[in-house]
Amino acid sequence: MRVLGQDSGDETGTPMPGGPITGPAAWYGPDLEKSDSWIHCITEAEQAELDAALALVAGREISTIRKVDFPLPTFGATLARLRQDVLRGRGFVLLRGLPMERYAFEEAARVYWGIGMHFGLPLPQNGKGHLLGHIAALGRSGADVTARTYQTTERQLYHTDSCDIVSLLCVQKAKSGGYSSLVSSVTIFNEMLQRRPDLVAQLFQPYQTDRREEVPPGQRPFYSVPIFNWHDGMFTAQYTRRYVESAQRFPEVGPYSPVRMAAIDMLDALANDPALHLHMAFEPGDMQFVHNHQIMHDRTAYEDWPDKKRHLLRLWLCPPDGRPLPLCFEEKLNGPITIGDRGGIYLAGVKPNVPLQPE
């Protein structure tokens, strides 16, 4: 039997760009550290609009709230512009200043959900169908192939998620650590193309990624998609190192060849280079929106307080104006790649839901 992980040619790769990629997506962290162009501080007028919208959805089941139910007469236009920064610009934005102290937890969740609806529709993020995710340590270990790293206090490593936009709201920060880190996959490609074009070519061939026991009906327990993709004149990346490595436990995948491992080793080395990535510390009320297709995100390890846990809320969002994706993403996204209707994790018999506590 030919083994997928050993350059067997069983599955087809994608073409490469003809040269370096330019534009706002090709950024370097140290340059952005000198600027606050990626931070939007919520104004008093914008906060008043949020409070008025919150009053309109008081008592509503959160999962039923849509953009039309959460009107933001002027702030909505600002959020639409910021969404374009995420989708067609640098690839991320940080909203700062939501006053968490004035809200009950469920009220803050409603406001966050309402803002999220101005970026896209919510998607289930895990096998439990959670539309609103909770990022908190649940005593799990990343070495457990049934665990998701966000359920631990461990470092996450640079990765992408199975959606167009991933968002976080900081409810409670850690006692120490837990910093968010972003890196441009476009910049990583450019650097690899300049230094090791032979290795970057490997990343345009399929790599297998473990589904960590969250297997949709009719799918394999892993998916097979190139880490780097060039489609319709756009560069798109998807990558989770831990899950690429654990996919090798399946007999039909097997071990990767040394050259294929060297390619992801170089990708990780570049992502971890301070000359490329950008660190940011979350404060309660900070909201981050990240374009998964051009940004890889990470989180440093952290320590919780004795009496309270680091707690973030998360949304996976599908915007109405996302980019075209290559056909191979149908396997990663578990279905159609239609713009405005794709992504998420759907398991048989699991109904999407909005939990208000970590589980």
Side-chain angles (χ1 to χ4, degrees), residues 23-25 38 40 42 46 49-50 53-54 56-57 60-95 109-125 129-133 160-169 185-186 225 229 231-238 287-295 297 313-346 352-354:
W38 47 277
H40 177 86
I42 297 173
E46 292 166 347
E49 290 190 13
L50 291 172
L54 174 61
L56 294 176
V57 297
R60 283 275 300 272
E61 168 59 42
I62 291 179
S63 65
T64 69
I65 299 169
R66 291 295 180 264
K67 178 181 175 182
V68 67
D69 305 312
F70 202 85
L72 300 171
T74 58
F75 191 26
T78 299
L79 293 178
R81 174 181 59 78
L82 295 175
R83 188 178 74 243
Q84 293 309 305
D85 288 344
V86 171
L87 294 175
R88 292 171 176 81
R90 79 181 70 84
F92 72 96
V93 67
L94 184 74
L95 297 185
R110 288 174 186 274
V111 172
Y112 175 50
W113 179 278
I115 291 173
M117 295 310 97
H118 285 259
F119 282 82
L121 292 177
L123 302 167
Q125 309 168 22
H130 293 170
L131 296 172
L132 184 67
T160 60
D161 293 341
S162 295
C163 59
D164 291 318
I165 295 174
V166 59
S167 174
L168 296 170
L169 164 67
S185 56
V186 173
V225 177
N229 296 265
H231 176 71
D232 203 22
M234 284 175 281
F235 178 84
T236 297
Q238 67 83 37
M287 287 170 278
Q288 183 190 71
F289 292 84
V290 173
H291 192 201
N292 266 303
H293 302 318
Q294 70 186 65
I295 300 287
H297 57 281
L313 294 181
R314 181 174 66 183
L315 290 169
W316 278 8
L317 299 167
C318 182
D321 48 354
R323 64 171 53 185
L325 292 176
L327 188 62
C328 61
F329 269 63
E330 286 188 342
E331 186 179 8
K332 172 181 170 59
L333 298 179
N334 312 316
I337 52 174
T338 307
I339 293 173
D341 184 21
R342 65 192 183 197
I345 297 173
Y346 296 88
N353 61 94
V354 176

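Just so you know, these numbers come straight off a predicted model, no measurement behind them.
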Practice prompt. Measure the spacing between CG of L87 and CG of L82 and express it to the nearest 0.5 Å.
Written response: 11.0 Å

Practice prompt. Give me the one residue out of D161, L168, V166, D164 that meets side-chain contact (heavy atoms from CB on, under 4.5 Å) with V290.
Written response: V166

Worksheet item: Side-chain contact, heavy-atom cut-off 4.5 Å: V57 with W113?
Response: no

Worksheet entry | Min side-chain heavy-atom separation F70-M117 under 4.5 Å | no

Practice prompt. Can you sort out the partners of F235 under side chain to side chain contact (heavy atoms under 4.5 Å, CB included), two or more places apart, ordered by chain and number?
Written response: I21, S185, V186, F189, F204, F228, W230, A237

Discussion item. A side-chain contact here means heavy atoms from C-beta on lying under 4.5 Å apart; do P319 and I165 qualify?
Written reply: yes

Practice prompt. Identify the two heavy atoms, one from C163 and one from L333, that lie closest to each other, and give their separation to 0.1 Å.
Written response: N-CD2, 4.2 Å

Practice prompt. Report yes or no: does Q294 contribute a side-chain atom to a donor-acceptor pair with the main-chain N or O of F92 at less than 3.5 Å?
Written response: no

Worksheet item: With a 4.5 Å heavy-atom cut-off, do L313 and L132 have their side chains touching?
Response: yes

Worksheet item: How long is the span from the CG atom in N229 to the NZ atom in K332, to the nearest 0.5 Å?
Response: 10.0 Å

Discussion item. Could you check whether any side-chain N or O of R110 sits under 3.5 Å from a backbone N or O of R60, counting only pairs where one atom can act as donor and the other as acceptor?
Written reply: yes

Item to complete: Apply side chain to side chain contact (heavy atoms under 4.5 Å, CB included) to R83 and D321, showing your working.
Response: CA-CA 9 Å; R83 188 178 74 243; D321 48 354; 3.0 Å; yes

Worksheet item: So how far is it from H293 NE2 to H231 NE2, rounded to the nearest 0.5 Å?
Response: 11.0 Å

Item to complete: Determine, stepwise, if the pair H40 / L79 fulfils side chain to side chain contact (heavy atoms under 4.5 Å, CB included).
Response: CA-CA 10 Å; H40 177 86; L79 293 178; over 6 Å; no

Worksheet item: Hey, mind stepping through H297 and N292 against side chain to side chain contact (heavy atoms under 4.5 Å, CB included) and telling me if it holds?
Response: CA-CA 8 Å; H297 57 281; N292 266 303; 3.6 Å; yes

Practice prompt. Run through V93, D85, L94 and flag the one making a side-chain contact (heavy atoms from CB on, under 4.5 Å) with W38.
Written response: L94

Worksheet item: Residues two or more places apart in sequence or in another chain: which of them pass side chain to side chain contact (heavy atoms under 4.5 Å, CB included) with L121?
Response: R66

Worksheet item: Would a distance-only check, ignoring hydrogens and angles, find a side-chain to backbone donor-acceptor pair under 3.5 Å from Q125 to R314?
Response: yes

Worksheet item: Looking at I62 and A109, what are the two nearest heavy atoms and their distance?
Response: CD1-CB, 4.3 Å

Discussion item. If I compare all heavy atoms of S63 with all of L131, which pair ends up nearest, and what's the gap?
Written reply: CB-CD1, 4.2 Å

Worksheet, complete the sentence: Of all heavy-atom pairs linking L327 and I337, the shortest is CA-CD1, 3.8 Å

Discussion item. Quick one: does any side-chain atom of S162 pair with a main-chain N or O of G344 as donor and acceptor, under 3.5 Å?
Written reply: no

Discussion item. Rounded at 0.5 Å granularity, tell me how far CG in N334 sits from OH in Y346.
Written reply: 9.5 Å

Worksheet item: Of the non-hydrogen atoms in V225 and C328, which two are nearest, and what is the gap between them?
Response: CG2-O, 3.4 Å

Discussion item. Strictly distance-based, threshold 3.5 Å: is any side-chain N or O of R323 a donor or acceptor partner for the main-chain N or O of M234?
Written reply: no

Practice prompt. Please work out which of the three classes, parallel, tilted or perpendicular, describes the rings of Y112 and F289, given edges at 30° and 60°.
Written response: tilted

Discussion item. So, taking the atom named CD1 in I339 and the one named CG in L325, what distance separates them when rounded to the nearest 0.5 Å?
Written reply: 7.5 Å

Worksheet item: For the residue pair C318 and G340, what are the closest heavy atoms and their distance?
Response: SG-C, 3.3 Å

Worksheet item: H130 and N353: side chain to side chain contact (heavy atoms under 4.5 Å, CB included), yes or no, with the steps?
Response: CA-CA 5 Å; H130 293 170; N353 61 94; 3.4 Å; yes

Practice prompt. Calculate, to the nearest 0.5 Å, the distance between atoms CG and CD belonging to L315 and Q288 respectively.
Written response: 12.5 Å

Worksheet entry | W316 side chain vs G343 backbone, donor-acceptor pair below 3.5 Å | no

